Amino acid sequence: MVKVHYARAESYTQRVLDEALKKSVSPVLSEVGGAAGKRIMIKPNLLEYRKENDPASIHPQLLTALCRMLKEHGAAEVAVIENPAVRSADMIIRAMNIMPELESMGVKVANCSKYTKFPMPAASCYHQLEVSGEFREYDLIIDLAKAKTHAMMTFTGGVKNLFGLVRGSERLSWHLAVGRNFDNFADMLLDIYLLTSPQITVMDAVIGMEGNGPGSGDAVELNFICASADALALDASVSGRLGITDTPVLRQAEKRMLLPEFVNCGEVPEIRTIKLPEPPEKKLEWGVYFPVKMRKFLRGMLLSKPVVNRKKCISCGLCAQKCPPQTLKMRKGAPKFDYLGCIRCYCCQEFCPNGAITVEKSFTLKILSGAETIIRKLNIYRPSKCK
């Protein structure tokens, strides 16, 4: 039975964080043999840092508090290694104004660089993945995630955070290759988790993100930190605390029998339902067969799509640069979407620095979803029982 340790944390002050880490992370450190004499790599979520307390990334004070705790536990070396979407890890750490403190502790800050193609574990769906090989050079890997919503994966947790170990260009390639099928994308994330196997996963949920995540959503006070020796257990536990009942990662993990049994320990928060993005794709299980050509036509009508708010758009062009199939172009200073070529990976929404792009459910799908809800409530449709 995997333990998920919770601790209340109502602010990012040093006293509060030190106490919360003692309650949540220290027990997991003991479970994995401690930190003394070990070389430790922290892989934080550093998507971007544009303002104070930016919920797009883990909080700077939490990162420094974790490094300080590891040093106090006798770690021989602590390194912060990440591959942010746009800027380098060094640039984001400097924007957080914590580089001097990390340097004073002897903490190394670096971008992922040693990319290697690894053969995959037997339980994997994909035969080979190229990820940053630094994780093989350290005795202990800590996956430091942020509690955030995500337009494509519903929730960004410990497993999704490991996607940052993939080279930037390869991340775009993976979006292009499996972007249309969110379950396939979730399988790829699970394979990265199986390959890297971080010994500890920590979740920053003092201030999380809801709504238009993972980069431009709204900050939400959740007031807890949690940690576990299993990222899937932590993701499942936190999802339950936030009222999230279904995510592609957890759905595929359960299907592949990877999801462990877990128990919540410590100062477990009450369930607090957060605002989720519009579902990226509604699955209508009506048991009706459609020919391939009709399915393609219906896909164009039914799928959610990215849309731009012209008032918020600053015409930076980053969305067009990050579009994997390059079907999004800048026209007259604004994004122009080619929805036939759009693979619904929502990279444009994720990387938009001003929250100008959101995911919108199609008008046709809104009507059908409403009709489906009414039909189910009236119990008109009764699927045949399995014999």
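Owing to the predicted nature of the structure, the values given are computational and were not obtained by experimental measurement.
- For the atom pair CG (Leu17) and CE (Met69), the distance works out to 11.5 Å, reported to the nearest 0.5 Å.
- Linking ILVMFWY side-chain heavy atoms closer than 4.5 Å, directly or via other members, places Leu258 and Phe185 in a single hydrophobic cluster.
- No side-chain heavy atom of Phe135 sits under 4.5 Å from any side-chain heavy atom of Ile81.
- By the side-chain hydrogen bond (donor to acceptor under 3.5 Å, both in side chains) test, Glu137 pairs with Lys114, sequence neighbours left out.
- The structure places NZ of Lys332 at 9.0 Å from CZ of Arg310, a figure rounded to the nearest 0.5 Å.
- Within the model, atoms OG of Ser124 and CG of Leu195 stand 7.5 Å from one another, a figure rounded to the nearest 0.5 Å.
- Within the 4.5 Å cutoff, no side-chain heavy atoms of Ile200 are placed close to those of Ile141.
- Between Phe351 and Tyr346, the distance from one ring center to the other does not fall under 6.0 angstrom.
- Residue Met257 places its CE atom among 12 or fewer non-hydrogen atoms of other residues, nucleotides or ligands, all under 6.0 Å distant.
- For the atom pair CZ of Phe155 and CG of Leu276, the computed distance is 10.0 Å after rounding to the nearest 0.5 Å.
- Remark: Arg68 pairs with Asp18, Glu101 by the salt bridge (charged side-chain N to carboxylate O under 4.0 Å, His left out) rule, at least two apart or across chains.
- For Asn111 and Glu82, the side-chain atoms include no donor-acceptor pair closer than 3.5 Å.
- A chain of hydrophobic side-chain contacts below 4.5 Å, direct or via other Ile, Leu, Val, Met, Phe, Trp or Tyr residues, connects Leu21 to Val32.
- Residue Gly355 comes nearest to Lys312 through the heavy atom pair O-CD, 3.6 Å, listed as atom of the first residue, atom of the second, then distance.
- Atom CD of Glu350 is separated from atom CD1 of Ile357 by 11.5 Å, given to the nearest 0.5 angstrom.
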Check step by step if side chain to side chain contact (heavy atoms under 4.5 Å, CB included) holds for Val202 and Ser24.
CA-CA 8 Å; Val202 181; Ser24 59; 5.7 Å; no

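- Once rounded to the nearest 0.5 Å, the distance linking CE of Met152 with CZ of Phe182 reads 5.0 Å.
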Report the C-alpha separation of Phe337 and Lys305 in whole Å, then their side-chain angles, then the decisive distance to 0.1 Å, and conclude whether the side chain to side chain contact (heavy atoms under 4.5 Å, CB included) test is met.
CA-CA 9 Å; Phe337 298 97; Lys305 60 186 179 182; over 6 Å; no

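- The shortest side-chain heavy-atom distance between Asp204 and Asn45 does not fall under the 4.5 Å cut-off.
- In this structure the side chain of Asp139 never reaches within 4.5 angstrom of the side chain of Ile40, judged on heavy atoms.
- Scanning for side-chain hydrogen bond (donor to acceptor under 3.5 Å, both in side chains) contacts around Thr273 gives an empty result, with sequence neighbours left out.
- Shown here are the side-chain hydrogen bond (donor to acceptor under 3.5 Å, both in side chains) partners of Arg167, two or more places apart in sequence or in another chain: Glu130.
- The main-chain N or O of Gly157 is never found under 3.5 Å from a side-chain atom of Asn161 such that the two would form a donor-acceptor pair.
- Side-chain contact of Glu31 with His5: a donor-acceptor pair under 3.5 Å is present, judged by distance alone.
- Electrostatic pairing of Arg272 and Glu270 does not count as a salt bridge here, judged by no charged N lying under 4.0 Å from a carboxylate O.
- Because its NZ or CZ atom is both nearer than 6.0 Å to the ring centre of Tyr138 and within 45° of the ring axis, Arg39 counts as a cation-pi partner of that residue.
- Between Leu63 and Ile42 there is a side-chain heavy-atom pair separated by less than 4.5 Å.
- Shown here for Met330 and Ser315, the closest heavy-atom pair between the two residues is CE-CA, 4.1 Å.
- In this structure, Ser228 contributes its side chain and Val4 its backbone to no donor-acceptor pair below 3.5 Å.
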The test is side chain to side chain contact (heavy atoms under 4.5 Å, CB included); show your working for Val109 and Met99 and say whether it passes.
CA-CA 8 Å; Val109 176; Met99 184 63 84; 4.1 Å; yes

Would you please test Glu10 and Arg8 for salt bridge (charged side-chain N to carboxylate O under 4.0 Å, His left out) and show each step?
CA-CA 6 Å; Glu10 296 182 351; Arg8 282 194 61 79; 2.5 Å; yes

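- Two rings, from Tyr12 and His59, have their centers less than 6.0 Å apart.
- A centroid separation of 6.0 Å or more is found between the aromatic rings of Phe163 and Tyr193.
- For the pair Pro306 and Thr358, the minimum side-chain heavy-atom distance is 4.5 Å or more.
- Under 3.5 Å, the side chains of Tyr115 and Asn83 contain a donor-acceptor pair of N or O atoms.
- Scanning for side-chain hydrogen bond (donor to acceptor under 3.5 Å, both in side chains) contacts around Ser216 gives an empty result, with sequence neighbours left out.
- Look at Lys3 and Asp230 and you find no salt bridge, because none of the NZ, NE, NH1 or NH2 atoms lies under 4.0 Å from a carboxylate O.
- Between Asp218 and Lys275, none of the side-chain N atoms (NZ, or NE/NH1/NH2) sits under 4.0 Å from a carboxylate O, so this pair counts as no salt bridge.
- For the residue pair Asn264 / Ser237, a side-chain donor-acceptor distance below 3.5 Å is found, with atom types taken as modelled.
- The 12-atom threshold is exceeded at CD of Gln326, counting heavy atoms of other residues, nucleotides or ligands nearer than 6.0 Å.
- Counting heavy atoms from C-beta outward, Pro248 and Asp183 have side chains that approach closer than 4.5 Å.
- Leu250 and Ile274 are members of different hydrophobic clusters when ILVMFWY side chains are connected at heavy-atom separations under 4.5 Å.
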Steps toward salt bridge (charged side-chain N to carboxylate O under 4.0 Å, His left out) verdict (Asp191, Arg256)
CA-CA 11 Å; Asp191 285 359; Arg256 293 168 60 177; 2.7 Å; yes

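- With Lys148 contributing its side chain and Pro214 its backbone, the two residues share a donor-acceptor pair below 3.5 Å.
- Judged by distance alone, the side chain of Lys23 and the main-chain N or O of Glu19 form no donor-acceptor pair under 3.5 Å.
- The hydrophobic cluster around Val16 extends to none of the other residues, as no ILVMFWY side-chain heavy atom falls under 4.5 Å of it.
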Please test Lys108 against Glu77 for salt bridge (charged side-chain N to carboxylate O under 4.0 Å, His left out), starting from the C-alpha separation and ending with a verdict.
CA-CA 8 Å; Lys108 171 186 174 182; Glu77 179 185 343; 5.2 Å; no

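- Hydrophobic clustering (side-chain heavy atoms under 4.5 Å, transitive across Ile, Leu, Val, Met, Phe, Trp, Tyr) groups Val166 together with Met41.
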Test log, rule side chain to side chain contact (heavy atoms under 4.5 Å, CB included), inputs Lys146 and Thr156:
CA-CA 7 Å; Lys146 184 77 173 183; Thr156 285; 5.9 Å; no

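- Residues Cys319 and Pro335 approach most closely at SG-CG, 3.7 Å, considering heavy atoms.
- No chain of hydrophobic side-chain contacts below 4.5 Å, direct or via other Ile, Leu, Val, Met, Phe, Trp or Tyr residues, connects Tyr6 to Ile58.
- Under the 4.0 Å criterion applied to side-chain N and carboxylate O atoms, Asp187 and Arg251 are not assigned as salt-bridge partners.
- Of the possible donor and acceptor atoms, none in the side chain of Ser88 sits under 3.5 Å from a partner among the backbone N and O of Pro84.
- A heavy-atom distance below 4.5 Å is found between the side chains of Val80 and Cys67.
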